Engineer: 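Got a structure for you, written out below as structure tokens; questions coming shortly.
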Protein chains: 2
Amino acid sequence: MFSRSSKYAIKGVLYLALHASVENKIQAKDLSAPINAPAPYIAKLLQELARHNMVSSVKGPHGGFYLDEVNLQMNIMQIIEIIDGEDKFRSCLLSLEQCNSENPCPLHNLVGDQKLGVIHNLENTTIKELVADVKQGNSILPL
Amino acid sequence: MFSRSSKYAIKGVLYLALHASVENKIQAKDLSAPINAPAPYIAKLLQELARHNMVSSVKGPHGGFYLDEVNLQMNIMQIIEIIDGEDKFRSCLLSLEQCNSENPCPLHNLVGDQKLGVIHNLENTTIKELVADVKQGNSILPL
DNA sequence: TCTTAAATATGACGAATATCATGTTTTTCG
DNA sequence: CGAAAAACATGATATTCGTCATATTTAAGA
Ligand code: FES
Ligand code: FES
């Protein structure tokens, strides 16, 4: 459903939101174990996210990644769009350019509503709200 | 959302359901244009589907592909499972093995219900019903 | 029976994605 | 100021997925 890169990126951001802060930055290599992904790859993804202001970073000794208040207001959809591109998610299921809600393809009626719901939810829930869920025990982010 | 192979396969099956029959079989190469996919690739996919009894085929002159009544009772989910494998669709969004509806990952609450709905719809609508929609003008399958 | 037309089976090639490696820049600290 | 530690930038390699090519089998028709 999501690309592997997106999954890594989402997990990375959520992990940072949960465990990092300005005073306690986390390095790329220390995300490798909890996220279960190769360190250099995570580094590359985080840099891409940093370039788009999804995460904050500082170089040098005691540097690393974290999320500031602005970053915490971002949502999952933005991560996906940065990593996978704009329309991987929004296009027709059969990649038929000619069709839309007025001219639906045969699958549209089966999944269209749910897809819109997913997109809406992904766009309208902030990272901050997601980690609040974890902190309250409504969801888990296992290592 | 689906792999490109799945899309081709779904389009192929729907096209056959709509335009082919025992008396009027369609060859792989004649699907290339309407489906907008390379002919050899479609052939490969159809053979895979035929092996799993999703479509019917006969060799030799005047041979080709079509759907019999049994094939028409199949659903889209079966196509996806044949082409992409069993669990591409059912697994956790973050590929966390440890989590499920009881121990949901942070994204589960955002999309879980919709995903179940999609799966249910894909499993419980037959090819026959989908092409009936097209015939009645409720959906379109453009060339 | 022999030729021909189709699916089938298998594998080679190419492109996209994921992974790894190297060097450069920035910042902290002695 | 100099050394080290981190992100940053770029590109090389590997793996997966999509595409193409070739040879084999089966069935129809002359
Ligand atoms: S028109 Fe194809 S999914 Fe909406
Ligand atoms: S537990 Fe991750 S999507 Fe359901």
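Values below: all heavy atoms of this structure, side chains included; hydrogens, waters and symmetry mates excluded. Because the structure is predicted, anything quoted here is derived from the model rather than measured. Lettering follows sequence order; numbering is per chain, from 1.
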Engineer: Please check the phosphate of C:dT17 (OP1 and OP2 only) for any side-chain N or O of A:Tyr41 closer than 4.0 Å.
Structural biologist: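 For C:dT17, OP1/OP2 do not have a side-chain N/O of A:Tyr41 under 4.0 Å.
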
Engineer: Give a yes/no on whether any side-chain N or O of B:Arg4 is located under 4.0 angstrom from OP1 or OP2 of D:dT19.
Structural biologist: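 The answer is yes; a side-chain N or O of B:Arg4 sits under 4.0 Å from OP1 or OP2.
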
Engineer: Does A:Ser57 make a side-chain N or O approach to OP1 or OP2 of D:dC8 shorter than 4.0 Å?
Structural biologist: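 Yes.
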
Engineer: Within this structure, what is the CD-to-P distance between A:Glu48 and D:dA9, rounded to whole angstrom?
Structural biologist: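 Going from CD in A:Glu48 over to P in D:dA9 covers 10 Å.
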
Engineer: Give one of base, sugar-phosphate or nothing for B:Ala28, where a contact means two heavy atoms less than 4.0 Å apart.
Structural biologist: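 Here B:Ala28 touches the backbone only, sparing every base.
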
Engineer: Taking CG from B:Leu16 and P from C:dA7, how many angstroms apart are they, rounded to a whole number?
Structural biologist: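 Those two atoms, CG and P, are 10 Å apart.
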
Engineer: Does the side chain of B:Ser32 pick up a donor-acceptor pair with the side chain of B:Tyr41 at under 3.5 Å?
Structural biologist: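 Absent: no donor and acceptor within the cut-off.
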
Engineer: Search all heavy atoms of B:Pro104 against all heavy atoms of A:Asn138 and return the closest pair with its distance.
Structural biologist: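 In terms of heavy atoms, the two residues are closest at CG-O, 3.5 Å.
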
Engineer: Quick check on D:dG18: is either OP1 or OP2 less than 4.0 Å from any side-chain nitrogen or oxygen of B:Ser5?
Structural biologist: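 Checking B:Ser5 against D:dG18: at least one side-chain N or O falls below 4.0 Å of OP1 or OP2.
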
Engineer: Side chains of A:Asn71 and A:Ser56: any donor to acceptor distance under 3.5 Å?
Structural biologist: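 Yes, A:Asn71 and A:Ser56 have a side-chain donor paired with an acceptor closer than 3.5 Å.
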
Engineer: Counting only side-chain N and O atoms of A:His62, is one of them less than 4.0 Å from OP1 or OP2 of C:dC29?
Structural biologist: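 Looking at the OP1 and OP2 atoms of C:dC29, one of them is under 4.0 Å from a side-chain N or O of A:His62.
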
Engineer: Starting the side chain at C-beta, find the nucleotide from C:dA18, C:dA9, D:dT25 nearest to A:Ser3.
Structural biologist: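 Among the listed nucleotides, the one closest to the side chain of A:Ser3 is C:dA18.
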
Engineer: Supply the atom-to-atom distance B:Leu107 CG to A:Leu130 CG, rounded to the nearest 0.5 angstrom.
Structural biologist: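 B:Leu107 CG to A:Leu130 CG: 6.5 Å, rounded to 0.5 Å.
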
Engineer: Which nucleotide, D:dA27, D:dC20, D:dC17, lies nearest any side-chain atom of B:Pro40?
Structural biologist: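 In terms of side-chain proximity for B:Pro40, the closest of D:dA27, D:dC20, D:dC17 is D:dC20.
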
Engineer: Quick one: which of C:dA5, C:dA18, D:dA7 gets closest to the side chain of A:Gln27?
Structural biologist: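 The listed nucleotide nearest to A:Gln27's side chain is D:dA7.
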
Engineer: Measure the distance from OH on A:Tyr66 to C1' on D:dA7 and round it to the nearest whole Å.
Structural biologist: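 A:Tyr66 atom OH is separated from D:dA7 atom C1' by 13 Å.
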
Engineer: To the nearest Å, how far apart are A:Ile35 CD1 and C:dT19 C1'?
Structural biologist: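 Value for this atom pair: 16 Å.
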
Engineer: Any side-chain N or O of A:Tyr8 under 4.0 Å from OP1/OP2 of C:dT19?
Structural biologist: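 For C:dT19, OP1 or OP2 has a side-chain N or O of A:Tyr8 closer than 4.0 Å.
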
Engineer: Categorize B:Ala39 for me: base, sugar-phosphate, or nothing, with a 4.0 angstrom heavy-atom threshold over every strand shown.
Structural biologist: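 Answer is nothing: B:Ala39 stays at 4.0 Å or more from every strand.
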
Engineer: Rounded to whole angstrom units, what separation is found between the NZ atom of B:Lys25 and the C1' atom of D:dA27?
Structural biologist: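 B:Lys25 atom NZ is separated from D:dA27 atom C1' by 11 Å.
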
Engineer: Which nucleotide in the list D:dA5, C:dA7, D:dA7 gets nearest to the side chain of B:Phe65?
Structural biologist: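 Nucleotide nearest to B:Phe65's side chain: C:dA7.
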
Engineer: Can you tell me the distance, in whole Å, between the CG atom of A:Leu49 and the P atom of D:dA7?
Structural biologist: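 That distance rounds to 14 Å.
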
Engineer: Is there a donor and acceptor pair closer than 3.5 Å between the side chain of B:Lys44 and the base of D:dG18?
Structural biologist: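 No such pair is found, so the answer is no.
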
Engineer: Could you tell me how far apart B:Leu45 (CG) and C:dT8 (C1') are, to the nearest whole angstrom?
Structural biologist: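 In whole Å, C:dT8 C1' and B:Leu45 CG are 14 Å from each other.
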
Engineer: B:Lys29 side chain N/O closer than 4.0 Å to the phosphate oxygens (OP1, OP2) of C:dA6?
Structural biologist: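 Yes, B:Lys29 has a side-chain N/O under 4.0 Å of OP1/OP2 on C:dA6.
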
Engineer: Taking atom OG1 of B:Thr125 and atom CD1 of B:Ile76, what is their separation to the nearest 0.5 Å?
Structural biologist: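 So the gap between those two atoms works out to 8.5 Å.
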
Engineer: Heavy-atom nearest nucleotide on DNA chain D for B:Lys59 versus A:Gly64: which residue maps closer to 5'?
Structural biologist: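 Of the two residues, A:Gly64 wins.
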
Engineer: Nearest-Å distance, CD (B:Gln47) to C1' (C:dA6)?
Structural biologist: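 Computing the B:Gln47:CD to C:dA6:C1' distance gives 11 Å.
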
Engineer: Heavy atoms, side chains only, cut-off 4.5 Å: are A:Leu96 and B:Asn36 in contact?
Structural biologist: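 Side-chain contact under 4.5 Å: no.
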
Engineer: Would you please confirm or rule out a distance under 4.0 Å between OP1 or OP2 of C:dA7 and any side-chain N or O of B:Arg51?
Structural biologist: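 No, no such contact exists.
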
